[in-house]
*Asks:* 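Below are the structure tokens for one structure; questions will follow.
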Amino acid sequence: MTATPPLDRLALGRTLTRLANASPLELAAQPPRQPAHAARRIGITGAPGAGKSTLLGRLALARLGGGRLGALAVDPSSPKSGGAILGDRVRMDELAGIDELYIRSLGSRRTSDGLADNLPEMLDAMDDFGFVEVLLETVGVGQAEYAARMHVDTLVLVLLPDSGDTVQAMKAGIMEMADIFVVSKADLPGARKMAADIKRIASAMRHAADAWVPPVLLVAQDQPDSIQALSDAIDRHQAWLASTRRHEAIRQQRARYRLRRLLEIRAAEFIATQDNAFFALPLPDQLARLLSGLAQPHGQS
């Protein structure tokens, strides 16, 4: 068996930066990929303050040993300046120096879905650099759960005790998105009641005979057994995916999302460069010019 070469962190960092800054047309011009393997993708999402970053750090430590592991953590970008604090590395500094672990913070930039620009391409790059598993943390705002669902194999939804997230999850349909529910900060009052409420709601939902039934876990950062229980639940879900051969459907879902996202970005770029005369045209003419301009380099439309 051939040993995996050491991770070239500099090359990976430059690759991720290049992809993050690439335009839709630059991404479309990339040659077709034929990755040797696809990393398992684990998403961690939930409301701000739910403890996602801390959980990601503890989970990464628990899952080390099975091969090269990556962590991509999305931080919110300022709508005014476009800057981001990118503080997830600071919060996970206890993981520094582990050879088989790579952590990268990403600004959400133009996205409104809790993720980052060109994330599909960056996740593909992690495959190319030999990662066995990638943990993805979302900003946790609004549509994050829906967007994350398109990118990961296993989606972990993190909820706070007595935060009202259960009701919001029911309204938004998030209960149907998650593969694993985690009530974080399980040592706080109300955690067990929260877990019981989620189980009650989940049990009332209809499940096909062969469907995965999401477990509800109580997790606290100072309780290693609870982190290990989450890691074991992820492994069980991954095994279930493999047994049901759902990976092809997941790949098709990702391809559809990627194309739609590239078109949305390119259309937004085109519209932003048009003058008042363009918007005075009849709508069919606007649409015709938009479709014609989608394939032209930015600034030449």
Side-chain angles (χ1 to χ4, degrees), residues 1-9 11-13 15-16 19 33 35-46 52-74 88-89 91-92 94-106 115-116 119-138 147-158 178-180 182 212 214-215 217 219 224 226-251 253-254:
M1 184 175 180
T2 304
T4 304
L7 176 61
D8 188 338
R9 294 174 179 269
L12 175 56
T15 297
L16 293 177
L19 292 172
R33 297 177 61 260
H37 80 287
R40 297 185 297 269
R41 299 180 182 181
I42 315 300
I44 300 177
T45 189
K52 299 188 297 295
S53 294
T54 301
L55 179 62
L56 186 148
R58 299 292 189 272
L59 185 61
L61 287 173
R63 297 185 70 76
L64 281 172
R68 186 169 295 164
L69 189 148
L72 301 181
V74 182
D88 294 282
R89 279 190 178 174
R91 293 195 292 271
M92 292 185 287
E94 70 273 17
L95 304 180
I98 299 177
D99 291 339
E100 288 301 290
L101 177 66
Y102 179 87
I103 302 171
R104 174 73 177 243
S105 292
L106 308 169
L115 298 179
L119 182 62
E121 289 73 24
M122 287 188 276
L123 287 168
D124 286 347
M126 303 297 278
D127 293 345
D128 296 335
F129 277 81
F131 284 87
V132 173
E133 187 166 282
V134 176
L135 303 177
L136 172 66
E137 179 196 343
T138 75
R149 175 75 279 171
M150 297 296 176
H151 294 296
V152 302
D153 310 312
T154 301
L155 183 62
V156 179
L157 176 60
V158 184
D179 300 306
I180 300 170
V182 165
W212 169 262
L217 306 176
V219 173
S226 68
I227 302 296
Q228 186 59 51
L230 171 58
S231 181
D232 293 343
I234 290 171
D235 287 339
R236 289 196 299 273
H237 183 255
Q238 290 287 320
W240 175 80
L241 283 175
S243 69
T244 55
R245 298 182 179 180
R246 298 187 181 230
H247 288 94
E248 181 57 33
I250 291 173
R251 282 192 291 270
Q253 175 178 276
R254 290 174 182 168

*Asks:* Going by side-chain contact (heavy atoms from CB on, under 4.5 Å), name the residues that satisfy it together with Q238, two or more places apart in sequence or in a different chain.
*Replies:*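 Expected list: R40, I42, D153, T154, I234, L241.
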*Asks:* Any side-chain heavy atom of K52 within less than 4.5 Å of one from V156?
*Replies:*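 The answer is no; the side chains never approach within 4.5 Å.
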*Asks:* Looking at every non-hydrogen atom in both residues, tell me the closest pair between A178 and L157 and how far apart they are.
*Replies:*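 That would be CB-CB, 3.7 Å.
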*Asks:* Any chance you could measure M126, atom CE, to L72, atom CG, to the nearest 0.5 Å?
*Replies:*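 With rounding to 0.5 Å, CE (M126) is 4.5 Å from CG (L72).
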*Asks:* State which residues pass side chain to side chain donor-acceptor pair (under 3.5 Å) with Q228; sequence neighbours excluded, sorted by chain then number.
*Replies:* D232
*Asks:* Sequence neighbours left out, what passes side-chain contact (heavy atoms from CB on, under 4.5 Å) with T15? Give chain and number order.
*Replies:* R18, L19, A125, F129
*Asks:* Can you find a heavy atom in the side chain of L55 that is under 4.5 Å from one in the side chain of L230?
*Replies:*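 Counting from C-beta outward, L55 and L230 do come under 4.5 Å.
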*Asks:* Search all heavy atoms of L217 against all heavy atoms of A229 and return the closest pair with its distance.
*Replies:*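 Scanning both residues, the minimum pair turns out to be CD1-O, 4.0 Å.
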*Asks:* Could you measure the distance from the OG atom of S231 to the CZ atom of R236? Nearest 0.5 Å is fine.
*Replies:*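 It comes to 10.0 Å.
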*Asks:* Would you give the length of the straight line joining atom OG1 of T138 to atom CG of L106, rounded to the nearest 0.5 angstrom?
*Replies:* 12.0 Å
*Asks:* Testing L155, L123, L136 for side-chain contact (heavy atoms from CB on, under 4.5 Å) with R41, which one passes?
*Replies:*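 Passing option: L123.
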*Asks:* List the atom of R104, the atom of G13, and the distance in Å for their closest heavy-atom pair.
*Replies:*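 Taking R104 first and G13 second, the nearest heavy atoms are NH1-O, 3.2 Å.
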*Asks:* Looking only at heavy atoms, what is the nearest atom pair of V132 and G67, with distance?
*Replies:* CG2-CA, 3.8 Å
*Asks:* With sequence neighbours excluded, tell me which residues meet salt bridge (Lys or Arg N to Asp or Glu O under 4.0 Å) with R68.
*Replies:* E100
*Asks:* For D8, give me all partners under salt bridge (Lys or Arg N to Asp or Glu O under 4.0 Å), at least two apart in sequence or on another chain.
*Replies:*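 For D8, no residue satisfies salt bridge (Lys or Arg N to Asp or Glu O under 4.0 Å) once neighbours in sequence are set aside.
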*Asks:* State the CG-CG distance between L59 and L64, to the nearest 0.5 angstrom.
*Replies:*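 Taking CG in L59 and CG in L64, the distance rounds to 9.5 Å.
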*Asks:* Write down the atom of A39, the atom of E133, and the distance for their closest heavy-atom approach.
*Replies:*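 Heavy atoms only, the tightest pair is CB-N, 4.0 Å.
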*Asks:* Write down the atom of I227, the atom of A62, and the distance for their closest heavy-atom approach.
*Replies:*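 So the two residues come closest at CG2-CB, 4.0 Å.
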*Asks:* Got a salt bridge between R149 and D179, using NZ or NE/NH1/NH2 to carboxylate O under 4.0 Å?
*Replies:*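 Here R149 pairs with D179 in a salt bridge, since their nearest N and O are under 4.0 Å apart.
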*Asks:* Classify the ring geometry of W212 against H237: parallel below 30°, tilted from 30° to 60°, perpendicular beyond 60°.
*Replies:* perpendicular
*Asks:* Can you tell me how far the CG atom of L12 sits from the OH atom of Y102, to the nearest 0.5 Å?
*Replies:* 4.5 Å
